Number of protein chains: 2
Amino acid sequence: MKPKIEDVAKVAGVSPTTVSRVLNNRGYIGEKTREKVHKAMEQLNYYPNEVARSLFIKKTFLIGLIFPTTSNPFYGQLIFHLENLASELGYKVLLCNSQGREDKERSYLRMLQRNQVDGIIAGAHNKGIEEYEDPNLPVVGIDRYLSTKIPVVSSDNYQGGEKATQLLIEKGCRSIVHINGPISLETPANMRRKAYEDVMERNGLTPLTYEYEANDSVFSLLFEENPEVDGIFASDDLIAARVMQEARNRGIDIPTKLKIVGYDGTETTRLLLPELTTIEQPVREIAVKALEILMKQINKEEDYESATILPVKLIESDTTRK
Amino acid sequence: MKPKIEDVAKVAGVSPTTVSRVLNNRGYIGEKTREKVHKAMEQLNYYPNEVARSLFIKKTFLIGLIFPTTSNPFYGQLIFHLENLASELGYKVLLCNSQGREDKERSYLRMLQRNQVDGIIAGAHNKGIEEYEDPNLPVVGIDRYLSTKIPVVSSDNYQGGEKATQLLIEKGCRSIVHINGPISLETPANMRRKAYEDVMERNGLTPLTYEYEANDSVFSLLFEENPEVDGIFASDDLIAARVMQEARNRGIDIPTKLKIVGYDGTETTRLLLPELTTIEQPVREIAVKALEILMKQINKEEDYESATILPVKLIESDTTRK
DNA sequence: AACAATATGTCATCCGGTTGACATATGAAA
DNA sequence: TTTCATATGTCAACCGGATGACATATTGTT
């Protein structure tokens, strides 16, 4: 059986209260007693039961993370930073892959509440989960408006859309198509599209957006319906990669005939596909900010921003450069 | 304050024991009482406190995952599947990014024990963590011998090394170099190198291995020291991508002058770098098997394999095909 | 009418650790 | 010698829920 405080006390020849005092550094403790206790703990290989402790102090030092999937390099990297930073602050991380499914997100949310997490950071992209309206515990959204009361952290999606579109125009593209993932109206990521449309119109060009909904035929369709396309702004790097594939299959040379700009610029993309021009999101900064705001909520500080927008960076490479 | 069983009982006009009976479906409960209780729970937005429950039943339904980083697409995907499968079994996942650091892995291990996880799946790659010798709780290693008592699940690294090397030889390569990450002798992944060396020698060729230790100069060095190199077997896809970059910079055409085989074949790699020939690891199957063995340990079944080796698949693409 | 099955309540105990109240002992400073 | 800070012990209550023992109704069955 796992040793408990009582067992440690018996071995050290002191009272349970004294052991607890040593563990929590409370009250007066003599040097020799402290040593005796530590020796006993080592001898028994004792470690405190956090579950019991959590129950009493009403705090678990647990944070729930809800994201679509760690498989995606952007989320993988974001989650990496979040876990890392949380761990430095003494918090542990419960991981939830919602897979873009509303029912999953709902049940994860319930699960996290039952497990008394101290806070939640959510970047899943499901619409209308009313549970967020009164979660009854600190929540921060990433790139996602969860409810009016929940603070959001995101990168400057509008700026990113502008930079991407402007670059393509500067490089001489005239028939520029935008392709994005499933549209959810409440998402700041939609600002990418808005910016694209604004910039296009400002330049007297007609915006045209395709939507990628797990149906691979859009890639082919895009080229069939727009043989004159000379620029594509993809809403993420994985989609950009698919576009590059399709162009290659059709013998369209990049960048002479077609220029492409992606979005995200994760480490993985930049290692595997360094030739892709992309808009880099400040992943680490997003994580830092989200956690900072969550901690403020947890510590009942009131002075946190309800929306934080971080700047993005254009990384130019071969797909837009001769 | 969060409602507790007592509050629900008061609202429903029944006793706390009856509420507990409803929650756990024990003993006799009348239909109308069950409804009253459910109504009261809904009204109060009650959800049981898992911390309290865990303390009593001595089971948390928590599993700890220790891996180097979710940033890496291979681990990201593996973790995705592990979390998914665990969640289907009613288990939750505590995520730990050890970052290849021994001290981090040690403290994560302690943390998981203090938090009373029901089991651990570890795929971190640090040597000599003696804590695994007697972890006092179920553990499964992935691609990693943790101790004599801990079961391992891995893909067939030797077979992978063979397939990769044989392919290069079949395609006419004669000067084949292998490049791998930091070598840890206890790792099954080292079998990739062993297989490479065996196949080379069996074919009268001289094996030569470079080690990549976060020092980017190896890529350049490799080509400087071996101008005649016509085949490279990289121990993972990210390294293969770097090699491709270096070759491109040097104007070496792939695949006519140089053929490359990578390793892992994750979804991300295959989307971003579909032209890379690679050895695909059965990520999902590894996750399934690891969890299956962990569950057997948790349920005190004794009939689990101490080592499981799953077959890999060669995926040929442009880097070895004209 | 008697008995069993069903339905619900009360009460106490336990899970492992924390904490406050209070008692007691020791040594050093005043 | 008195007094106080230091050091440790005992005891009980608490965190929220689970559970076993036992009592008491209310049904329905024979």
Side-chain angles (χ1 to χ4, degrees), chain A residues 1-41 44-62 110-111 113-118 136-137, chain B residues 1-41 44-62 110-111 113-118 136-137:
Chain A
M1 209 59 288
K2 279 178 196 155
K4 36 181 168 174
I5 279 198
E6 210 187 303
D7 304 312
V8 176
K10 220 164 278 171
V11 171
V14 300
S15 77
T17 305
T18 303
V19 177
S20 178
R21 280 184 185 130
V22 171
L23 277 164
N24 297 289
N25 253 315
R26 283 169 31 90
Y28 297 114
I29 317 127
E31 243 341 289
K32 345 102 207 168
T33 321
R34 173 176 273 123
E35 269 170 48
K36 271 195 301 182
V37 171
H38 279 130
K39 210 162 289 171
M41 295 198 304
L44 293 172
N45 189 28
Y46 170 85
Y47 47 89
N49 183 327
E50 285 293 326
V51 173
R53 187 182 156 77
S54 293
L55 179 58
F56 188 84
I57 65 175
K58 288 166 174 292
K59 168 141 185 142
T60 54
F61 288 94
L62 272 176
R110 276 309 219 186
M111 180 276 275
Q113 292 184 120
R114 284 198 308 270
N115 283 276
Q116 317 294 124
V117 297
D118 293 339
N136 191 12
L137 94 180
Chain B
M1 206 63 287
K2 281 178 195 155
K4 36 181 169 174
I5 279 197
E6 211 187 302
D7 304 314
V8 176
K10 221 164 279 172
V11 170
V14 299
S15 75
T17 306
T18 303
V19 177
S20 178
R21 279 182 186 130
V22 171
L23 277 164
N24 298 287
N25 252 313
R26 282 170 30 90
Y28 298 112
I29 318 127
E31 243 343 286
K32 345 103 208 167
T33 319
R34 172 176 276 122
E35 267 169 50
K36 271 195 301 182
V37 171
H38 279 130
K39 210 162 289 172
M41 296 199 303
L44 294 172
N45 189 26
Y46 170 86
Y47 46 87
N49 183 327
E50 284 293 325
V51 173
R53 187 182 157 78
S54 293
L55 178 60
F56 187 84
I57 65 174
K58 288 167 174 290
K59 167 139 186 144
T60 54
F61 288 94
L62 272 176
R110 277 309 222 185
M111 180 277 273
Q113 291 185 118
R114 284 198 309 272
N115 283 277
Q116 316 295 120
V117 296
D118 293 339
N136 191 13
L137 95 178

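Only this structure's heavy atoms are used, side chains among them; waters, hydrogens and symmetry mates stay out. Here the structure is a predicted model, which is why all the values come from computation and not from measurement. Just so it is clear: chains get the letters A, B, ... in the order the sequence lines come, proteins before strands, and each one is counted from 1.
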Would you kindly give the [atom1]-to-[atom2] distance between [X] and [N], to the nearest whole Å?
| X | N | atom1 | atom2 | result |
| --- | --- | --- | --- | --- |
| A:D7 | C:dG16 | CG | P | 9 Å |
| B:I57 | C:dC15 | CD1 | C1' | 11 Å |
| B:N49 | D:dC14 | CG | P | 18 Å |
| B:K4 | D:dA18 | NZ | P | 13 Å |
| B:I5 | C:dT10 | CD1 | P | 14 Å |
| B:M41 | D:dG17 | CE | P | 11 Å |
| B:Y28 | C:dT6 | OH | P | 4 Å |
| A:E35 | D:dA7 | CD | C1' | 15 Å |

Distance below 4.0 Å between [X] side-chain N/O and [N] OP1 or OP2:
| X | N | answer |
| --- | --- | --- |
| B:R26 | D:dA18 | no |
| B:Y46 | D:dG17 | yes |
| A:R53 | C:dG16 | no |
| B:S20 | D:dG17 | no |

What pairs of residues pass the salt bridge (charged side-chain N to carboxylate O under 4.0 Å, His left out) test when at least one of them lies in residues 9-24 of chain B, not counting sequence neighbours?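 Salt bridge (charged side-chain N to carboxylate O under 4.0 Å, His left out) check on residues 9-24 of chain B returns B:E6-B:K10.
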Closest non-hydrogen atom pair between A:I5 and A:P16, with its separation: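 Scanning both residues, the minimum pair turns out to be CG2-O, 3.7 Å.
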Give the minimum heavy-atom separation between B:L137 and B:V117, together with the two atoms involved.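 Shortest heavy-atom contact: CD1-O, 3.3 Å.
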Is there a donor N/O on one and an acceptor N/O on the other, under 3.5 Å, for the side chain of A:R21 and the base of D:dG9?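 Between D:dG9 and A:R21, which were checked side chain against base, a qualifying N/O pair under 3.5 Å is present.
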Is any N or O donor-acceptor pair between the side chain of A:T17 and the base of D:dC11 shorter than 3.5 Å?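 Donor-acceptor pair under 3.5 Å: yes.
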Checking all strands, does [X] fall into the base, sugar-phosphate, or nothing category for heavy-atom contacts under 4.0 angstrom?
| X | result |
| --- | --- |
| B:K58 | sugar-phosphate |
| A:P16 | nothing |
| B:V14 | sugar-phosphate |

Can you tell me if A:K59 has over 12 outside heavy atoms packed within less than 6.0 Å of its NZ?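 Yes, enclosed.
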Please tell me which of B:L55 and B:K36 maps to the more 5' nucleotide of DNA chain C, matching each residue to the nucleotide holding its nearest heavy atom.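 Comparing both residues, the 5'-ward one is B:K36.
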For B:T18 and for A:A52, find the nucleotide of DNA chain C with the closest heavy atom, then tell me which residue's nucleotide is more 5'.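 The 5'-side residue here is B:T18.
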When you measure from the side chain of A:S54 to the backbone of A:E50, do you find a donor-acceptor pair of N or O atoms at a distance under 3.5 Å?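 Flag set: sc A:S54 to bb A:E50 pair under 3.5 Å.
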